[in-house]
Amino acid sequence: MAWFMEMLRKEHTFMETTEITDSYSRLSREEIQALEEQYLFPTYKRYDLFISHGSGAYVFDIEGRKYLDFLAGIAVNSLGYNHPRLVRVLEEQGQRIIHCSNLFYHRYQGILAKRLAEISGMSRVFFTNSGTEAIEAALKISRAYSHKRGKLNKSGIVALKNSFHGRTFGALSITAQEKYQAPFRPLVPEVTIMEDIAVPALERVFSDRICAMVVEPIQGEAGVVPISPDFLRAARELCTRHDALLVFDEIQCGLGRTGRYFAFQNYGIEPDLITLAKSLAAGYPLGAVLGNKRVADSLQPGEHGTTFGGGPLACRLALEFLDVVEDEALLDRVAQLGEHLIRGLRGLASLHKTIGEVRGLGLMVGADLGAAAKTVVQKLLKRGIIANAAHESVLRLLPPFIVTQDEVNDFLRILDEVLTEVEAEARD
Ligand SMILES: *Cc1c(COP(=O)(O)O)cnc(C)c1O
């Protein structure tokens with residue numbers, strides 16, 4: 001295997017941008033922070049990291065310090081920060097046309113939809129700009145599917161506790177986390193949140209008034225929590241029996257993250273709708289909802305739309321992303337490195353009592369660290385590693401697909417040191 005990794009490594013000749021000379025390059029961290037404090041709604045509590053640029057699996061801060069990135073822009077930058085093939089497409093397409101509205105045809109939307117249909121087994125695609133909008137489209141398709149069959153009372157939507165589907169009203173209504181919902185009620189009606197993610201509870205929740213069930217096969221923001229295959233199978237059966245749509249939110253776990261194109265392909269269960277975004281255009285905003293034959297006629301002209309979604313630049317970047325994944329055999333690489341990472345973390349768990357359960361699939365990995373999670377993330381950052389704490393207590397790792405085994409080993413070595421330090425401090 002070593003030669004294989006070595007070969008993959010040599011193919012990546014990333015350019016390290018050392019000189020940045022735009023007129024804003026002299027802003028100091030204090031100035032950047034002051035501007036944001038004065039002019040932004042304070043929605044983000046940012047880490048103390050001021051990013052300048054990136055190269056491969058590394059980002060550089062404005063003072064030139066280098067960080068190994070195990071978060072990839074939250075599962076977005078799957079090919080790292082300046083993959084030469086993406087850079088070339090950006091330059092080339094930027095010269096031609098960036099945006100042209102959905103009133104007209106362009107070359108790339110149909111061909112991208114075809115590619116997504118081929119790798120997913122789905123039949124139809126609608127493009128959006130974000131994950132949240134893909135969820136909104138899925139919810140609208142779900143209601144339209146039932147209502148257009150004359151079932152006007154079939155509007156109920158089932159979602160799971162600790163889910164994350166986005167921040168607009170529809171998506172927020174099925175995002176079952178109090179801190180996100182509380183300030184904004186009333187939300188969209190007819191949503192049922194399952195507190196107990198178990199088959200008997202699912203059977204109780206279902207009725208002919210349910211039009212859709214939305215599930216992240218592996219919950220991301222909840223702290224990398226895989227939903228059991230038994231539960232997913234039962235959801236599939238109940239949706240079929242009650243003529244409801246099974247929606248898999250693969251915005252985080254899809255598009256190669258688990259070592260297959262889609263997370264559902266690990267379980268042998270087919271959803272009716274799939275939402276995508278994050279890594280779809282590998283760093284440029286693009287989302288999509290994919291639907292099977294059953295839902296193909298749910299939307300007619302004028303019933304849904306977007307100004308930006310599926311523009312030529314976004315679509316070309318997504319086509320290039322999918323080509324690179326295939327040309328560089330990245331799915332196998334994600335599967336192998338994911339196993340290596342999980343094995344390494346389980347090894348560390350036997351040395352450090354701070355690590356509880358280690359979960360995940362491919363390069364979507366979580367390690368339970370309890371109350372230490374945030375401290376560990378801060379200490380990793382000080383030592384040049386970017387990760388984050390999901391659901392307060394879980395170290396969440398989403399490295400880019402182009403990460404190398406050596407880089408995974410670097411990460412494990414530094415995590416080992418950080419945990420030793422954290423445990424020593426706890427004893428003092
Ligand atoms: C990130 C995410 C979303 C929201 O996507 P945005 O692009 O931020 O709107 C929805 N669902 C899941 C599972 C996500 O991880």
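Whatever order the structure lists ligands and atoms in, that order sets their numbers, starting from 1.
By the 6.0 Å contact criterion, CD on Gln95 is open, its count of non-hydrogen atoms from other residues, nucleotides or ligands being 12 or less. Heavy atoms of other residues, nucleotides or ligands lying less than 6.0 angstrom from CZ of Arg346 number more than 12. When the shell of 6.0 Å around NZ of Lys293 is examined, it contains 12 or fewer heavy atoms from other residues, nucleotides or ligands.
Contact atoms of ligand 1 toward Gly131: 5 (O), 6 (P), 7 (O), 9 (O) (distance under 4.0 Å to a heavy atom of the residue). Interface of Ser130 with ligand 1, defined as ligand atoms under 4.0 Å from a residue heavy atom, comprises 7 (O), 9 (O). Each of the atoms 13 (C) of ligand 1 lies under 4.0 Å from some heavy atom of Glu216.
At a 4.0 Å heavy-atom cut-off, ligand 1 touches Thr132 through backbone and side chain alike. In Lys278, the part holding a heavy atom less than 4.0 Å from any atom of ligand 1 is the side chain.
Ligand 1 has no nitrogen or oxygen under 3.5 angstrom from a nitrogen or oxygen of Ile251.
Distances shorter than 4.0 angstrom occur between a heavy atom of Asp249 and an atom of ligand 1.
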In sequence, state the C-alpha distance, the side-chain angles, and the governing distance for Glu320 and Arg85, and then conclude on salt bridge (Lys or Arg N to Asp or Glu O under 4.0 Å).
-> CA-CA 7 Å; Glu320 197 68 15; Arg85 288 178 59 177; 2.8 Å; yes
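Taking CZ of Phe401 as the reference point, atom CZ of Phe321 lies at 5.0 Å (rounded to 0.5 Å).
In this structure, His304 and Phe126 have tilted ring planes: the angle between them lies in the 30° to 60° band.
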